[in-house]
Amino acid sequence: MKKTRCALYSSIHKFIVKNAARRLGCSLKKVEELLVPLSKLAYQAYQRGDCFIQAEDFESRRIADQVLDVGYVKRDVYTGLSEFETHERYGFPHNSFWEFLSAKYLSENDEERRIFNSRSFHDFNERKAVTLFLFGLLNEKDDPLVEMAQEVMERSRFTAMHRQQQHRTCPPSHAILELMGELTEVPSPLMSAFAPLCPTRIEITRDCSSNCVMGLMKMLLLLRDKKIALSLSFDQPSLKNNLSIVCAMKASTCITSIELLRCNDLKACFTASGLEHNDTIQHVKVVGCRIAEGDELRIPRKLNSLELDECNAGVTQRLLNEFSKKPSISTLSIEYCSLNENIERMICSILKKAPLQNVALGSFPDGPMNQFLDPLTHLQTLQSMNIDMSDMSEDDVKNFTLILKRNHLETLNVHCPNSHSLYSDMKEHLGSLQDLSVFDFSGGDDWITLLSALPQELQRLELRVRIPAGNAWMAISTCIEQCKQLLELKIWIVYDDPPPHSTLKKLFDSIAGCVNLQLLDSGGLTIDDTMVSDLCNMLDSLQHLQELDLSGNLLSAEGIKHLARCLQHKNKLEIINLSGNPGRDDQTAVNEMEKCCHYLPYTACDY
């Protein structure tokens with residue numbers, strides 16, 4: 001196995017100490033004692049952001065000379081404000097030695113380490129080098145290692161590895177993987193702490209660090225016999241470049257889902273990932289992949305869920321041909337894919353014969369999807385449906401209504417045109433769907449009439465709507481006021497005229513009544529500084545809130561600081577997204593807001 005960075009620098013450290021002991025004619029223990037003050041000063045300089053140690057930082061010139069004799073640092077004389085004024089300072093040959101000694105000091109000082117850990121994961125990348133060294137040095141100390149690992153899991157968005165980061169080598173959520181990459185072996189106490197907090201989805205790309213990849217391999221080996229449903233997402237280069245992960249995947253029984261992204265040779269990706277002969281994979285998602293002419297695919301034996309997104313007709317046809325042979329099919333999702341007559345026949349056949357629980361169909365570039373509505377009416381087991389109702393006839397609307405009647409839906413995502421008959425039929429049947437948990441509505445002007453029909457037991461509501469008139473805001477507020485059991489609320493609104501403050505205040509008051517709300521997305525509502533007090537009053541009522549998205553609003557630096565002061569007495573939120581607000585670039589405002597959450601995205605891409 002590849003040697004870890006910490007192990008490499010530990011070997012260099014031993015070499016330096018051994019040479020110094022021979023040169024100075026003293027024991028190894030004596031040299032280590034000489035390095036104690038240097039390690040402390042290195043950490044203090046690190047806290048200041050200074051890579052040099054000033055001569056006056058040492059207790060005496062004698063100690064400075066002794067440290068210099070060890071060979072870790074070299075003395076540098078520089079000129080002050082006057083050419084006659086000189087100063088001495090001590091520097092390391094490379095910043096990595098400064099970081100290693102800082103970590104060595106922390107590994108021997110419990111209280112300092114706890115303080116470091118408590119603020120180390122606001123921005124993992126900023127303190128990553130010392131944190132990685134520290135984790136490796138704690139490998140032999142079970143209790144501090146487990147304590148630090150748990151801190152990382154809680155503070156680095158460990159359970160949200162699905163959030164893509166386009167501006168960093170690895171997202172903050174990969175922190176625990178990078179740290180595990182520094183362990184020569186995983187101690188038993190850490191296994192016990194790690195397993196219950198395992199992520200549900202991990203995305204590995206060509207940009208992931210070697211430490212991250214090594215950590216994932218160790219995690220797969222660690223969890224290989226655990227009953228954890230783990231989803232891995234790869235692109236083709238990340239599969240080719242990380243054969244160790246592929247080997248660990250084949251030995252693991254905890255992986256139940258695989259996503260393959262933008263693979264130019266899908267057959268090679270299936271073979272490399274071991275998909276063709278896997279007995280544990282139940283779900284496969286394929287996004288934007290290609291396949292060579294004549295290549296045949298074999299899919300996992302126990303596959304019951306297939307998602308295809310942005311696939312050409314060749315990929316879609318080959319996968320559907322294999323998938324249709326499976327005896328137990330629960331999920332079929334086909335979106336933005338190219339179709340032909342053979343593919344359409346296979347989709348209709350699956351819809352008629354399989355006891356599907358989850359279906360997503362829509363946005364086909366080669367034609368409308370109304371041909372699939374009639375086969376869908378045969379289903380009576382649907383729990384989730386995502387459907388595009390654009391360009392539908394009256395008969396299609398009747399079929400859609402029949403689907404609503406025959407199935408006990410928990411999740412409904414529907415893109416609707418501006419069809420009066422569709423709205424009328426939907427309104428009639430929405431109220432009977434007591435288990436409906438998501439209502440995602442896009443497009444149209446007559447949607448207002450539907451809001452009063454939504455079940456009051458609704459848990460997740462996502463409105464993607466256009467505001468045609470002022471009374472629409474009142475309809476939204478009234479709807480939210482009635483759905484007091486909401487856990488997630490997302491409001492995406494297109495409007496011609498910004499809502500007045502009184503309208504937003506009414507909306508805030510309605511949201512405040514949803515006391516169990518965990519996620520609130522109210523981006524782009526033109527919330528400015530004058531609305532912060534009302535916003536704070538609303539947030540005071542939401543004691544269970546974990547994620548708050550206020551992106552694309554009009555908050556200045558002062559408005560963000562005001563909001564931060566209101567939030568500091570609450571439990572820390574997981575995420576606060578303020579991207580697109582004028583004050584987001586003010587560092588003072590950012591520093592205040594970072595005290596209120598574990599993760600503060602800089603741009604919408606980071607969220």
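In this chain, residues are counted from 1 in sequence order. Only a predicted model underlies this, so the values are computations on that prediction, with no experimental measurement involved.
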What's the shortest heavy-atom distance between [X] and [Y], and which atoms?
X    : Y    : answer
G181 : K218 : O-NZ, 3.4 Å
M593 : L567 : SD-CD1, 4.0 Å
L550 : N553 : O-ND2, 2.9 Å
A589 : A557 : CB-O, 3.8 Å
T280 : I255 : OG1-O, 3.0 Å
K490 : L519 : CE-CD2, 3.8 Å

Criterion side-chain contact (heavy atoms from CB on, under 4.5 Å) on C6 and L137, from CA distance to verdict
CA-CA 7 Å; C6 182; L137 289 169; 3.9 Å; yes
Min side-chain heavy-atom separation [X]-[Y] under 4.5 Å:
X    : Y    : answer
F52  : V73  : no
I560 : L578 : yes
P144 : R113 : yes
V213 : L216 : no
T4   : L183 : no
Y43  : L101 : no
V287 : R262 : yes
N591 : E594 : yes

Partner of E592 by side chain to side chain donor-acceptor pair (under 3.5 Å), out of H562, Q587, R565, Q568
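Exactly one pass, corresponding to Q568.
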Go through the steps for E178 and C212 under the test side-chain contact (heavy atoms from CB on, under 4.5 Å), then give the verdict.
CA-CA 4 Å; E178 296 200 68; C212 175; 3.9 Å; yes
Identify, with sequence neighbours excluded, every residue that meets salt bridge (charged side-chain N to carboxylate O under 4.0 Å, His left out) alongside [X].
X    : result
R5   : none
D57  : R48
E335 : none
E56  : none

Determine whether Q543 and K570 satisfy the following criterion, side-chain contact (heavy atoms from CB on, under 4.5 Å), listing intermediate values before the conclusion.
CA-CA 8 Å; Q543 294 301 314; K570 290 174 63 71; 4.0 Å; yes
Atom [atom1] of [X] and atom [atom2] of [Y]: how far apart are they, to the nearest 0.5 Å?
X    : Y    : atom1 : atom2 : answer
L261 : C289 : CG    : SG    : 7.0 Å
I202 : S233 : CD1   : OG    : 10.5 Å
E547 : I575 : CD    : CD1   : 4.0 Å
L303 : L275 : CG    : CG    : 8.5 Å
I281 : I258 : CD1   : CD1   : 4.5 Å

Going by side-chain contact (heavy atoms from CB on, under 4.5 Å), L548 matches just one of N577, D521, L539. Which one?
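Option passing the side-chain contact (heavy atoms from CB on, under 4.5 Å) with L548: L539.
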Tell me whether E558 is salt-bridged to K561, with the criterion being a basic N under 4.0 Å from an acidic carboxylate O.
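The answer is yes: the pair qualifies as a salt bridge.
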Salt-bridged, K40 to E112, with N to O below 4.0 Å?
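No, this pair does not count.
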For H13 and Y72, I'd like to know if the aromatic rings sit close, meaning centre-to-centre distance below 6.0 Å.
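Here the rings of Y72 and H13 have centres that are less than 6.0 Å from each other.
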Sidechain-backbone polar pair: [X] side chain, [Y] backbone, donor-acceptor under 3.5 Å:
X    : Y    : answer
N581 : L555 : yes
N109 : E111 : no
D529 : S556 : yes
R23  : D69  : yes

Checking E99 against N95 for the side chain to side chain donor-acceptor pair (under 3.5 Å) test, could you report, in this order, the C-alpha distance in whole Å, the side-chain angles of both residues, the deciding distance, and whether it holds?
CA-CA 6 Å; E99 293 159 346; N95 281 355; 5.4 Å; no
Side-chain donor-acceptor pair under 3.5 Å between E307 and H283, yes or no?
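Looking only at side-chain atoms, H283 and E307 do form a donor-acceptor pair, the distance falling under 3.5 Å.
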Between R22 and N19, do the side chains contain a donor N or O and an acceptor N or O under 3.5 Å apart?
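Yes, because at least one side-chain N or O of N19 sits under 3.5 Å from a partner of the opposite role on R22.
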Determine, stepwise, if the pair L266 / L260 fulfils side-chain contact (heavy atoms from CB on, under 4.5 Å).
CA-CA 8 Å; L266 189 59; L260 297 174; 3.9 Å; yes
Check the surroundings of atom CG in D279: do more than 12 heavy atoms from other residues, nucleotides or ligands lie under 6.0 Å from it?
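Counting neighbours around CG of D279, more than 12 heavy atoms of other residues, nucleotides or ligands fall under 6.0 Å, so yes.
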Please name the residue in the list Y105, W98, F100 that meets the ring pair (Phe, Tyr, Trp, His ring centres under 6.0 Å) test with F133.
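Of the listed options, the one satisfying the test is F100.
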Partners passing side-chain contact (heavy atoms from CB on, under 4.5 Å) against R75 (at least two apart in sequence or in another chain):
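R75: side-chain contact (heavy atoms from CB on, under 4.5 Å) contacts with R61, D65, L68, E88, Y90.
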Going by the rule side-chain contact (heavy atoms from CB on, under 4.5 Å), which residues pair with L554 if we only count those two or more places apart in sequence or in a different chain?
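Counting only residues at least two positions away or on another chain, L554 forms a side-chain contact (heavy atoms from CB on, under 4.5 Å) with T526, D528.
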